[in-house]
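The next block holds one structure in the form of structure tokens; read it before the comments.
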Amino acid sequence: MMKARKVSDNFFNKKAKEVAPALLGSFLIREVGGKKIKAKIVETEAYCGEKDLACHASKGRTGRTEIMYQKAGTIYVYLCYGMHYMLNIVVSKKDDPEAVLIRGIEIDGEKIHGPGRVTKALNINKKLNGKKLGPKDGLWLEKGETLKHQKTARIGVHYTGPIWSKRLLRFVEE
DNA sequence: TATTTGATTCTT
DNA sequence: AGAATCAAATAT
């Protein structure tokens with residue numbers, strides 16, 4: 001029997017490509033307005049620093065990517081296509097811009113696919129950008145079971161060219 | 001200051 | 001296959 005517990009801080013100190021698959025099966029807890037939502041993570045993607053052309057930080061340190069240079073456990077939220085928020089968890093070390101995108105979750109057995117829908121279901125908005133995971137801002141993580149997963153190519157990053165768009169950095173529950 | 005574009009999703 | 005819709009990064 002494994003009791004739900006907060007993950008240790010050094011859980012996020014690893015590289016994105018290690019943290020992303022490890023997050024599968026863990027629970028994302030969202031508490032807002034007295035309501036608590038427990039979401040199992042079933043799909044993630046890794047974004048690996050400035051060398052990764054699909055990572056926003058590949059363009060260098062800018063106002064937007066500054067968040068990814070913060071220390072592990074920082075929340076990176078950003079608006080894409082003018083209508084969808086993306087939820088990312090900054091990992092690795094300070095000044096090493098890596099992050100894990102939460103692409104799919106499961107709430108009460110109901111699967112939610114797509115990063116835009118995840119943030120909608122969890123009431124994630126830009127106010128969380130730059131905050132830390134924890135009860136203070138009503139968003140944190142609890143360790144769950146370890147899931148088997150499969151690796152696939154990332155989605156929506158065709159513009160990065162054949163190399164980075166084909167890297168197997170997307171992790172899905174098997 | 002103007003233009004381009006995207007870690008998407010829903011409709012036609 | 002295309003529209004919706006806007007903030008941030010580039011280009012001018």
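In what follows, chains are A, B, ... by sequence order, proteins preceding strands, each numbered from 1.
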Please work out if [X] contacts a base, only the sugar-phosphate, or nothing of the nucleic acid, heavy-atom cut-off 4.0 Å.
X	answer
A:K126	sugar-phosphate
A:M83	base
A:Y76	base

ask   = Can you find a pair of side-chain heavy atoms, one from A:L141 and one from A:F27, that are under 4.5 Å apart?
value =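 Heavy-atom side-chain distance check fails, nothing below 4.5 Å.
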query = Is A:L139 close to A:I75 at the side-chain level, that is, under 4.5 Å between some pair of heavy atoms?
reply =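 A:I75 reaches A:L139 side chain to side chain.
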inquiry  = Near DNA chain B, counting only heavy atoms under 4.0 Å, which residues of residues 106-115 of chain A show up?
reply    =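 A:G114, A:P115, in order of number.
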key: For DNA chain B, the residues among residues 94-104 of chain A that have a non-hydrogen atom under 4.0 Å from it   =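 Those residues are A:L101, A:R103.
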Under-4.0 Å salt bridge between [X] and [Y]:
X	Y	result
A:R61	A:E50	no
A:E45	A:R103	yes
A:R167	A:D52	no

ask   = Atom NE2 of A:H84 and atom C1' of B:dC10: how far apart are they, to the nearest Å?
value =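 About 8 Å, once rounded to whole Å.
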task = Using atom CZ of A:R64 as one end and atom C1' of B:dT4 as the other, report the distance to the nearest whole Å.
result =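 Value for this atom pair: 12 Å.
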message = Could you work out, with salt bridge (Lys or Arg N to Asp or Glu O under 4.0 Å) as the rule, every residue matching A:R64, not counting sequence neighbours?
response =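 By the salt bridge (Lys or Arg N to Asp or Glu O under 4.0 Å) rule, A:R64 matches no residue at all.
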task = Say whether, by atom type as modelled, one donor and one acceptor occur between the side chain of A:T65 and the main chain of A:G60 under 3.5 angstrom.
result =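 Checked: pair present.
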key: Contiguous pairing runs of three or more, Watson-Crick or G-U under 3.5 Å, that involve DNA chain B   =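 When the pairs of DNA chain B are grouped into runs of at least three, the stems are B:1-6 with C:6-11, B:8-11 with C:1-4.
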key: Span of DNA chain C, from the first to the last nucleotide whose atoms fall under 4.0 Å of chain A heavy atoms   =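 Terminal contacting nucleotides, 5' to 3': C:dA4 to C:dT10.
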key: Close aromatic pair by centroid cut-off 6.0 Å: A:Y47 and A:H56   =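 For A:Y47 and A:H56, the ring centres are not under 6.0 Å apart.
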Output side-chain donor-acceptor pairs under 3.5 Å for residues 107-117 of chain A, partner residues at least two apart or in another chain, one line each.
{"from": "A:H113", "atom 1": "ND1", "to": "A:E43", "atom 2": "OE1", "distance (Å)": "3.2"}

